[in-house]
S.K.: 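This is the structure, below, for whatever I ask next.
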Amino acid sequence: MSENLWEHRPETGYLTGTDLAGYRVEAIDGHIGKVDKHTADAGEAGVVVDTGVWIFGKEVLLPAGCISSVDPDTGTVYLNRTKQDVKDAPEFLRERHDGDSDYRMHLGEYYYGRTMP
C-alpha cells in the first residue's frame, strides 16, 4: 500500500469538507457502526467510528486511507478493511488521543501492517 494512509483518495467520492457524522460504516464483511460526531475533532485525515454494541461501544479512529468509498445518497462510508481489522484496532480515546502524533503513528503502523483486499 503506497498511498498516504492519512489522505482521502479522489476515487472514494469524498468531497473535502463533507460532514460524515452519522453516516453508516460498512466494512468489507458487514456493518460496524456509525461515524461519530467527534470526527470533526480528528480532522479530515480520518473518521472516528462508534462501533456501538457491536464491540461494546468502542470508538476507533480510521485513517482516510481505510475508506474505499463514500455514498452521500445513502449516508454510508465503505471501508477497505474487515470487521476484525476494526475490532482489533487500537481504541480511540478523545481525551488522550486528540492531536497525539504518537497515537497516529501507531495507527499507521497497525493499518500498514494489514494488506488491503
Side-chain angles (χ1 to χ4, degrees):
M1 186 169 152
S2 60
E3 75 272 1
N4 184 344
L5 193 60
W6 294 102
E7 292 179 2
H8 286 277
R9 295 181 324 273
E11 66 271 17
T12 65
Y14 172 79
L15 299 174
T16 302
T18 301
D19 181 6
L20 299 176
Y23 275 45
R24 181 178 173 86
V25 181
E26 295 286 327
I28 293 167
D29 52 351
H31 178 72
I32 61 159
K34 290 195 175 252
V35 176
D36 189 81
K37 65 182 177 181
H38 293 99
T39 289
D41 299 338
E44 289 198 1
V47 294
V48 176
V49 177
D50 181 349
T51 60
V53 297
W54 180 65
I55 47 178
F56 309 108
K58 179 178 176 178
E59 288 185 351
V60 294
L61 174 61
L62 296 169
C66 293
I67 297 173
S68 59
S69 66
V70 175
D71 184 344
D73 293 332
T74 63
T76 307
V77 171
Y78 294 93
L79 305 178
N80 55 23
R81 303 296 171 174
T82 65
K83 286 179 168 183
Q84 194 65 47
D85 289 338
V86 175
K87 182 178 181 181
D88 293 344
E91 186 170 10
F92 177 70
L93 304 170
R94 282 186 304 275
E95 58 280 352
R96 187 168 29 169
H97 295 134
D98 264 350
D100 182 346
S101 59
D102 288 338
Y103 174 74
R104 284 183 182 253
M105 186 169 57
H106 180 62
L107 275 180
E109 291 168 357
Y110 173 80
Y111 284 108
Y112 269 119
R114 287 174 165 51
T115 56
M116 285 181 31

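Remember, predicted model here, so these are calculated numbers, not experimental data.
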S.K.: Quick one: pull up CG in L107 and CD in E109 and give me the separation to the nearest 0.5 Å.
M.R.: 9.5 Å
S.K.: Ignoring hydrogens and geometry, is there a side-chain-to-backbone donor-acceptor pair from T39 to V48 under 3.5 Å?
M.R.: yes
S.K.: For L61 and P63, work out which heavy atoms get closest and say how close.
M.R.: O-CD, 3.7 Å
S.K.: Cluster question for you: counting only ILVMFWY and a side-chain heavy-atom cut-off of under 4.5 Å, with indirect links fine, are V47 and Y78 together?
M.R.: no
S.K.: For R9 and I67, indicate whether the former's side chain and the latter's backbone hold a donor-acceptor pair under 3.5 Å.
M.R.: yes
S.K.: Before you tell me yes or no, could you show the steps for D85 and L79 under side chain to side chain contact (heavy atoms under 4.5 Å, CB included), namely the whole-Å CA-CA distance, both residues' side-chain angles and the distance that decides it to 0.1 Å?
M.R.: CA-CA 10 Å; D85 289 338; L79 305 178; over 6 Å; no
S.K.: If you look at every heavy atom in Y110 and Q84, which pair is closest and at what distance?
M.R.: OH-O, 4.2 Å
S.K.: Assess the residue pair V77 and Y14 against the criterion (side chain to side chain contact (heavy atoms under 4.5 Å, CB included)); give the C-alpha distance rounded to whole Å, side-chain angles, the decisive distance to 0.1 Å, and a yes or no.
M.R.: CA-CA 9 Å; V77 171; Y14 172 79; over 6 Å; no
S.K.: Looking only at non-hydrogen atoms, find the nearest pair between G108 and L5 and report the distance.
M.R.: CA-CD2, 3.9 Å
S.K.: Please confirm whether the backbone N or O of G65 pairs with a side-chain atom of N80, one donor and one acceptor, at under 3.5 Å?
M.R.: yes
S.K.: Where the side chain of D29 meets the backbone of K83, is there a donor-acceptor pair that is under 3.5 Å apart?
M.R.: yes
S.K.: Quick one: does E59's side chain have a donor or acceptor within less than 3.5 Å of a partner on V49's backbone?
M.R.: no
S.K.: Between A27 and T82, which heavy-atom pair has the shortest distance, and what is it?
M.R.: CB-C, 3.8 Å
S.K.: With distance as the sole test, does K58 use its side chain to make a donor-acceptor pair with the main-chain N or O of K87 at under 3.5 Å?
M.R.: yes
S.K.: Could you grab the distance from atom CG of L15 to atom NE2 of H8, nearest 0.5 Å is fine?
M.R.: 10.5 Å
S.K.: Identify the two heavy atoms, one from E91 and one from Y103, that lie closest to each other, and give their separation to 0.1 Å.
M.R.: O-OH, 3.3 Å
S.K.: Would you name the heavy atoms of V70 and Y23 that are closest together and state the gap between them?
M.R.: CG1-CE2, 3.9 Å
S.K.: Measure the spacing between OG1 of T76 and CG of L20 and express it to the nearest 0.5 Å.
M.R.: 11.0 Å
S.K.: Counting only N and O atoms by type, is there a donor-acceptor contact under 3.5 Å from the side chain of Y111 to the main-chain atoms of R81?
M.R.: no
